[in-house]
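Here's the structure, in structure tokens; my notes come after.
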2 protein chains.
Amino acid sequence: MPKLIHYPLCPFSRSIRLALAECGIDAELEEERPWLWRRVFLELNPAGTLPVLQDDDGNALAGTYAVSEYLSDTGVDASPDSRAFAFFPGGAKERGEVRRLVDWFHGKFEAEVTSYLLEEKVYRRFDSRNGGAPDMELVRAGKANLRYHLRYIGHLVDERNWLAGQHLSYADLAAAAHLSCIDYLGDVPWDEDDVARDWYARIKSRPSFRPLLGDRIAGITPPESYADPDF
Amino acid sequence: MPKLIHYPLCPFSRSIRLALAECGIDAELEEERPWLWRRVFLELNPAGTLPVLQDDDGNALAGTYAVSEYLSDTGVDASPDSRAFAFFPGGAKERGEVRRLVDWFHGKFEAEVTSYLLEEKVYRRFDSRNGGAPDMELVRAGKANLRYHLRYIGHLVDERNWLAGQHLSYADLAAAAHLSCIDYLGDVPWDEDDVARDWYARIKSRPSFRPLLGDRIAGITPPESYADPDF
């Protein structure tokens, strides 16, 4: 059984956990706290980023980009056992649009929203070398940016069925993974955009999402709405 | 003929210019200054990032990730006319290693080195809303980080032939694209690592690299060594 080294409130890890579940692949989960920079972990991934997927022979694939494209390359998403999820469905152009949006959420959304909120409210809490109270100016900046990202999600879903087109893709899982981390902190203003909220409700009710809704971080209790499909 | 919307000192644009040349694909170049956030450009790529590849029908592929995987998906890199360059050569695992390193340079190296130096020394110079003298603390941080990245390149090339393995890959082009921008500013301490320097000399002497060595930005003259294959 493959092993996924992850952190429960890491959006990159969550996106791969969702994808593995959509593909019907069981993986053993091993928690890593990336702010510790443990030598044994850096030997697996010198970049120090999560997630890392390790196969039974110990071979490691490091980072969301390598892992998602590897799973797509090896065709596990198209296996007959799966629920017909494909990371990058469609022809070359449609796949380009999925990847543009994966980049949007794992790159732009991460830089403008998730990194601020997770750094200040979660990582800083546990990192003794970098600890202290959250910088509320950064928290406010992340929350302000989140509003326009929610409207962008609403705009896309309004024109399409899922973010990148007619089919669920890795772009949806990436976006939902980031939002789910922020939702754990109670910081998503769902009233901002009804279409975005409906899209999230559709993903949240998928069986692949259930394990994420059961995650708990010591010392940080999510709001009740976090695990409620009718939030 | 496809059109590549780029900026001469943008490392992402440069990596795709190199790749197109390695594949033997001619593309018309159109310069965009990303700090202007022009509406007409944001309609093509709402993220505002470069490069954007437009085909003859006006379809746009936005961002390095979508463009590189699209070109690989459509197999132009494996065409008999090309110089046998492949973006992601090898089997699924080898391709995973290429992608890990693409992520390293377009993600980590960009965040720790290139973004500091280009923002402070180039973009800030031209951006009237954000102008002023460079923040020398950020410049120094970028230069300090660059040293360990050079040693990492040396370490990888010492064990392999190219960065990700036996074959030239998009990881080499991504890394060389970032270094070439910094080299234009005269800020690469090549004495730090001889293996890294030799690797860069090998890439710099490829025909695909020649157009980059001819780039000039108004008001910023590169050092003579910039265009010299025996730097």
Side-chain angles (χ1 to χ4, degrees), chain A residues 12 42 44-49 51-55 57-76 87-88 90-112 115 148-149 151-153 155-156 164 170-171 174, chain B residues 12 42 44-49 51-55 57-76 87-88 90-112 115 148-149 151-153 155-156 164 170-171 174:
Chain A
F12 304 100
L42 293 177
L44 279 178
N45 182 12
T49 53
V52 170
L53 186 67
Q54 236 182 339
D55 67 17
D57 299 327
N59 295 306
L61 279 157
T64 327
Y65 174 36
V67 172
S68 60
E69 293 286 345
Y70 173 86
L71 293 171
S72 170
D73 258 4
T74 50
V76 293
F87 278 85
F88 311 103
K93 272 179 207 161
E94 288 75 23
R95 292 158 68 85
E97 176 65 357
V98 176
R99 289 177 173 123
R100 177 182 79 82
L101 290 168
V102 168
D103 206 18
W104 183 286
F105 291 101
H106 277 339
K108 191 174 175 66
F109 190 100
E110 157 73 12
E112 296 176 351
S115 64
Y148 93 81
H149 280 284
R151 289 196 298 271
Y152 188 51
I153 290 172
H155 163 75
L156 289 171
Y170 185 53
Chain B
F12 304 100
L42 293 176
L44 279 178
N45 181 11
T49 53
V52 171
L53 185 67
Q54 237 182 339
D55 67 17
D57 299 327
N59 295 306
L61 280 156
T64 326
Y65 173 37
V67 172
S68 60
E69 293 286 346
Y70 173 85
L71 292 171
S72 170
D73 258 3
T74 50
V76 293
F87 278 84
F88 311 103
K93 273 179 205 160
E94 288 76 22
R95 292 159 67 85
E97 176 65 356
V98 176
R99 287 175 174 125
R100 177 182 78 81
L101 290 168
V102 169
D103 208 18
W104 183 285
F105 291 101
H106 278 339
K108 192 174 174 67
F109 190 99
E110 157 73 12
E112 295 176 352
S115 65
Y148 94 81
H149 280 284
R151 290 195 297 273
Y152 187 51
I153 290 173
H155 162 76
L156 290 171
Y170 185 53

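By convention in this document, chain letters (A, B, ...) are assigned in the order of the sequence lines, proteins followed by strands, and residues within each chain are numbered from 1.
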Pairwise side-chain contact, Arg100(A) with Pro46(B), heavy-atom cut-off 4.5 Å (strictly under):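 Yes, at least one pair of side-chain atoms sits under 4.5 Å.
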Close side-chain approach of Asn59(B) and Lys93(A), heavy atoms under 4.5 Å: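 Sidechains of Lys93(A) and Asn59(B): in contact.
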Check Gly96(A) against Ala66(B) and note the closest heavy-atom contact, atom names and distance.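 Looking at all heavy atoms of both residues, the shortest contact is O-CB, 3.5 Å.
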For a quick test of reading the model, state the closest non-hydrogen atom pair linking Thr74(A) to Ala92(B) and the distance between them.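 Smallest interatomic distance, heavy atoms only, reads CG2-CB, 3.6 Å.
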Do the side chains of Arg99(A) and Asp73(B) get close enough for a salt bridge, i.e. N-O under 4.0 angstrom?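 So Arg99(A) pairs with Asp73(B) through a salt bridge.
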Enumerate by number any residue of residues 101-109 of chain B whose heavy atoms lie under 4.5 Å from heavy atoms of chain A; in the absence of such residues, state 'none'.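 Val102(B), Asp103(B), Trp104(B), Lys108(B), listed by number.
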Quick check for you: to the nearest 0.5 Å, what is the distance between Tyr70(A) atom OH and Glu94(B) atom CD?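 Nearest 0.5 Å value for the OH-CD distance: 10.0 Å.
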Under 4.5 Å from a heavy atom of chain A, the part of Arg95(B) involved: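 Contact with chain A: side chain only.
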For residues Glu69(B) and Tyr65(A), is any side-chain donor paired with an opposing acceptor at under 3.5 Å?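 Their side chains do contain a donor-acceptor pair, which is all the 3.5 Å distance test asks for.
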